[in-house]
Amino acid sequence: MFKKPLLSRLLALLCIAVIGLVGCSSTTTSGLTGNYAQDTITVVEHLDRLIDLPNDDPNLPAEQALARQEMNDYAALYRRNSKVSGLRSFTTMQTALNSLAGYYSSYGSRPLTDKLKKRLHKEFKDVQFSLKRGF
């Protein structure tokens, strides 16, 4: 008689605990951890490699899809973080991400222009420099 309500309450409590623990995990689908400096370096290194991939590389579409997900996760994680959003490294990184995301949205899988590649490499270098200096 008391087994059914007790069992349903126990199952509901277990479901709430599992959902709570899964929702509070510290990594995103692209592997970002919440450590701003480390995540920024990881994203910069990945995007730097992506930019330099040859256009006939068979892994290019998969790498572009991963980069899009990584850019979205990065922006979502740090855009509203007031400790980070005012840093020079973050604003420069946002500029680079917006440029690359805009290019992918507008031109799809067309090869990046040399002008854009050069600009992105410079911005990524500026981001790394700013991170080393603590900005």
Side-chain angles (χ1 to χ4, degrees):
M1 183 171 183
F2 292 107
K3 290 181 184 181
K4 190 173 183 180
L6 181 63
L7 186 60
S8 65
R9 287 182 182 156
L10 186 61
L11 185 60
L13 183 62
L14 181 66
C15 286
I16 290 172
V18 168
I19 291 171
L21 290 175
V22 170
C24 294
S25 66
S26 62
T27 58
T28 59
T29 57
S30 59
L32 299 178
T33 62
N35 179 344
Y36 169 71
Q38 185 58 45
D39 287 346
T40 303
I41 289 170
T42 301
V43 172
V44 164
E45 288 173 352
H46 181 245
L47 294 178
D48 246 350
R49 282 193 311 271
L50 172 68
I51 290 169
D52 290 333
L53 277 178
N55 297 327
D56 59 350
D57 191 304
N59 295 329
L60 187 61
E63 289 292 323
Q64 285 178 337
L66 179 64
R68 287 179 182 179
Q69 182 63 44
E70 200 171 48
M71 289 188 292
N72 288 336
D73 288 349
Y74 181 87
L77 188 60
Y78 295 113
R79 182 183 305 130
R80 293 205 171 118
N81 185 341
S82 60
K83 293 179 183 176
V84 171
S85 62
L87 296 176
R88 183 180 312 159
S89 60
F90 180 75
T91 56
T92 305
M93 185 70 170
Q94 270 305 109
T95 302
L97 294 181
N98 288 340
S99 299
L100 190 56
Y103 187 88
Y104 284 148
S105 294
S106 298
Y107 301 109
S109 60
R110 287 187 192 169
L112 293 173
T113 63
D114 290 335
K115 183 178 178 181
L116 181 59
K117 284 182 184 182
K118 185 177 177 181
R119 178 178 158 212
L120 289 172
H121 282 304
K122 182 189 179 314
E123 287 176 348
F124 290 150
K125 189 181 287 187
D126 291 346
V127 167
Q128 290 173 328
F129 180 73
S130 294
L131 278 175
K132 287 179 185 174
R133 297 198 62 201
F135 299 125

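One is the number of the first residue; the rest follow in order along the sequence. Heavy atoms only: backbone and side chains are in, while hydrogens, waters and symmetry mates are out.
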Student: State, to 0.1 Å, how close Thr91 and Ser85 come at their nearest heavy-atom pair, and which atoms those are.
Tutor: CG2-O, 3.8 Å
Student: Kindly indicate whether the side chain of Thr95, heavy atoms from C-beta on, has any atom under 4.5 Å from the side chain of Asn98.
Tutor: no
Student: Please name all residues satisfying side-chain contact (heavy atoms from CB on, under 4.5 Å) with Pro54, sequence neighbours left out, ordered by chain then number.
Tutor: Asp56, Asp57
Student: How close do Pro111 and Asn55 get, counting heavy atoms only, and between which atoms?
Tutor: CB-ND2, 3.2 Å
Student: Between Leu120 and Leu47, is there a side-chain heavy-atom distance shorter than 4.5 Å?
Tutor: no
Student: Please name the residue in the list Asp39, Thr40, Thr42 that meets the side chain to side chain donor-acceptor pair (under 3.5 Å) test with Tyr74.
Tutor: Thr40
Student: Could you give the distance from OG1 (Thr92) to NZ (Lys122), rounded to the nearest 0.5 Å?
Tutor: 8.5 Å
Student: With sequence neighbours excluded, tell me which residues meet side-chain contact (heavy atoms from CB on, under 4.5 Å) with Ala65.
Tutor: none
Student: Only one of Asp48, Ile41, Val43 clears side chain to side chain contact (heavy atoms under 4.5 Å, CB included) with Glu45; which?
Tutor: Ile41
Student: With sequence neighbours excluded, what pairs up with Tyr36 under the ring pair (Phe, Tyr, Trp, His ring centres under 6.0 Å) test?
Tutor: Tyr78
Student: Sequence neighbours excluded, which residues qualify as side-chain contact (heavy atoms from CB on, under 4.5 Å) partners of Asn72?
Tutor: none
Student: Could you give the distance from OH (Tyr104) to CZ (Arg68), rounded to the nearest 0.5 Å?
Tutor: 7.5 Å
Student: Does Asn35 have any side-chain contact (heavy atoms from CB on, under 4.5 Å) partners at least two apart in sequence or in another chain, and if so, which?
Tutor: Thr33, Ala37, Gln38
Student: Distance from Ser89 atom OG to Gln94 atom CD, nearest 0.5 Å?
Tutor: 11.0 Å
Student: Testing the basics here: between Met71 and Leu100, what is the closest heavy-atom pair and its distance to 0.1 Å?
Tutor: SD-CD2, 4.0 Å
Student: Main chain of Gly102, side chain of Tyr107: is a donor-acceptor contact present, judged purely on distance under 3.5 Å?
Tutor: no
Student: To check you understand the geometry: which heavy-atom pair defines the closest contact between Ile51 and His121, and what is its length?
Tutor: CG2-NE2, 3.6 Å
Student: Would you name the heavy atoms of Phe90 and Val84 that are closest together and state the gap between them?
Tutor: CB-O, 3.3 Å
Student: Give me the atom names and distance for the closest heavy-atom approach of Tyr103 to Arg110.
Tutor: CE2-O, 3.6 Å
Student: Taking atom NZ as the centre, does Lys118 end up with more than 12 heavy-atom neighbours from other residues, nucleotides or ligands that are less than 6.0 angstrom away?
Tutor: no
Student: Pairs under 3.5 angstrom only: tabulate donor-acceptor contacts from the side chains of residues 128-135 to other protein residues two or more places apart or in another chain.
Tutor:
from: Ser130; atom 1: OG; to: Asp126; atom 2: O; distance (Å): 3.1

